[in-house]
Protein chains: 2
Amino acid sequence: MAARPHSANGMAEQILDAAEKRVQVLGFNGFSYADVAGELGVTTATIHYYFPGKTDLGVRLIERYSERFFAALAEIESNAGDLCERLRAYTEIYERVLASERLCLCGMLASEYETLAEPMRELLSDFFRRNEEWLSSLLDQGRAAGGFDFEGDTNGTAIAIVGALEGAMLVARAHGGMKSFRAATSLMLMNVFRPPGK
Amino acid sequence: MAARPHSANGMAEQILDAAEKRVQVLGFNGFSYADVAGELGVTTATIHYYFPGKTDLGVRLIERYSERFFAALAEIESNAGDLCERLRAYTEIYERVLASERLCLCGMLASEYETLAEPMRELLSDFFRRNEEWLSSLLDQGRAAGGFDFEGDTNGTAIAIVGALEGAMLVARAHGGMKSFRAATSLMLMNVFRPPGK
DNA sequence: GTCTATAGGCAGATAGAC
DNA sequence: GTCTATCTGCCTATAGAC
């Protein structure tokens, strides 16, 4: 691989890393360019060079987070595990985020939805829609294979799972911690997996 | 009831009403004294007269919301309905909030938890703890009576229900709307109510 | 109780030197 | 690419007149 052209290489990624952490902890309206600049040892003008407006930064944050998130879902699919293990792996993505003392980037942004510019709103909606689609597909397969025993339509169940995990993270931080998050995931998994006839 | 002493009577409540709406839509960091003052036709100095600091206002908002919320739970208990109807009524509290194009005040504040002063954090934790307790009691009764068929401990199930409802509201606003919220509640209710042997 | 006036700080953003 | 310097605007908060 050829050497990168500039010494500044990676600055955009460093900015995204620092901003991402702040959004996941403090929210999009809870951090400033000065915060990020301070951590990186640059001035706010440098941040504006890479991301002219805060919405530009926000858009890239959602895009990058989504890319990684759905890459992780593709990773789950490429692994051999059965459908139960895949759903369990899905919940573990959220659990790892919470363990790092952050919340889901898109969950945080969803709470600020009404204050966000349109480009960010659209990407946020896409994130949840793609989660819903991925889970719906998994649930359909599980139902066809006989391993899952949930009731109701798969789309509704899928979006309910996303909401349950996002909400479990939210509540866990204010009350109950990781223990209450795990209670929520295991309850959800038991309900989906409960063997027919039980 | 005697006449109120001042023409200004009710100003504190009007401030709380206007601020509450803003927190439920925009978040605690998403509104300003100027917003509230503008709606009420007064200046920001008037708001500061009743609530010297924004944290004072936030504390009263949580206290008042909690009083009303737990009064609604007491109302549910005083009505004759069976345990299934009570749990259903619990979810309808959240549904009415979402129908008014707001989110739960405490859910919104939970997303901003790390930016809040300590007095607000404590009251927030109390809100979720009291919800957990109320639901735990309901679940214990339902289990003893044989009407509920969930697995796992009641406290974990209780906090999972709170998280599922909070998260369902959050996600519904960014994607799916009321339809996806209802899917989440009916899934949750079916799981708790599923008759043994099914 | 509510106002005018204003302080003091921090936000996002820009121009232009280097 | 990154800086210095600065702008404009909004924020929370306060002093003091009425």
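Side chain of B:D56 to main chain of B:G53: a donor-acceptor pair is present (N/O by atom type, distance under 3.5 Å, no hydrogens or angles).
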**Prompt:** Where does DNA chain D pair, written as one dot-bracket string 5' to 3', with Watson-Crick or G-U pairs under 3.5 Å, ( ) inside the strand, [ ] for crossing pairs and | for another strand?
**Reply:** ||||||||||||||||||

**Message:** Walk me through whether A:E67 and A:R60 qualify under salt bridge (Lys or Arg N to Asp or Glu O under 4.0 Å).
**Reply:** CA-CA 10 Å; A:E67 285 163 15; A:R60 269 307 294 153; 3.8 Å; yes

**Request:** Could you go through the ring-ring contact (aromatic ring centres under 6.0 Å, His included) check for B:Y113 and B:F28 one step at a time?
**Result:** CA-CA 10 Å; B:Y113 188 78; B:F28 191 71; over 10 Å; no

**Prompt:** Run the salt bridge (Lys or Arg N to Asp or Glu O under 4.0 Å) check on B:D82 and B:R88 step by step: do they pass?
**Reply:** CA-CA 10 Å; B:D82 67 14; B:R88 177 78 201 155; over 6 Å; no

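Proximity of residues 19-32 of chain A to DNA chain D (heavy atom under 4.0 angstrom from any strand atom) is not detected for any residue.
At a threshold of 4.5 Å between non-hydrogen side-chain atoms, the residues A:E122 and A:L116 do not count as touching. Residues A:I159 and B:F181 form no side-chain contact, since every pair of their non-hydrogen atoms from C-beta on lies 4.5 Å or further apart.
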Quick one: which protein N/O atoms are closer than 3.5 Å to N/O atoms of nucleotides 13-18 of chain D? Pair and distance per line, please.
{"unit_1": "D:dA13", "atom_1": "OP2", "unit_2": "B:K54", "atom_2": "N", "d": "2.8"}
{"unit_1": "D:dA13", "atom_1": "N7", "unit_2": "B:H48", "atom_2": "NE2", "d": "3.1"}

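Counting non-hydrogen atoms of neighbouring residues, nucleotides and ligands closer than 6.0 angstrom, the CD atom of A:E77 exceeds 12 such neighbours.
Between A:T43 and D:dC3 there is a side-chain polar atom (N or O) within less than 4.0 angstrom of OP1 or OP2. Between B:Y49 and the phosphate of C:dG1, there is a side-chain N or O to OP1/OP2 separation shorter than 4.0 Å.
Nearest to the side chain of B:T46, among C:dA11, C:dT2, D:dG1, sits C:dT2.
Between the side chains of A:Q141 and A:S137, at least one donor N or O sits under 3.5 Å from an acceptor N or O. The closest side-chain donor-acceptor pair between B:D126 and B:S66, if any, does not fall under 3.5 angstrom.
Just one residue in the list B:F127, B:Y90, B:Y65 forms a ring-ring contact (aromatic ring centres under 6.0 Å, His included) with B:F70, and that residue is B:F127.
Taking atom CD1 of B:I47 as the reference point, atom C1' of C:dG1 lies 12 Å away to the nearest angstrom.
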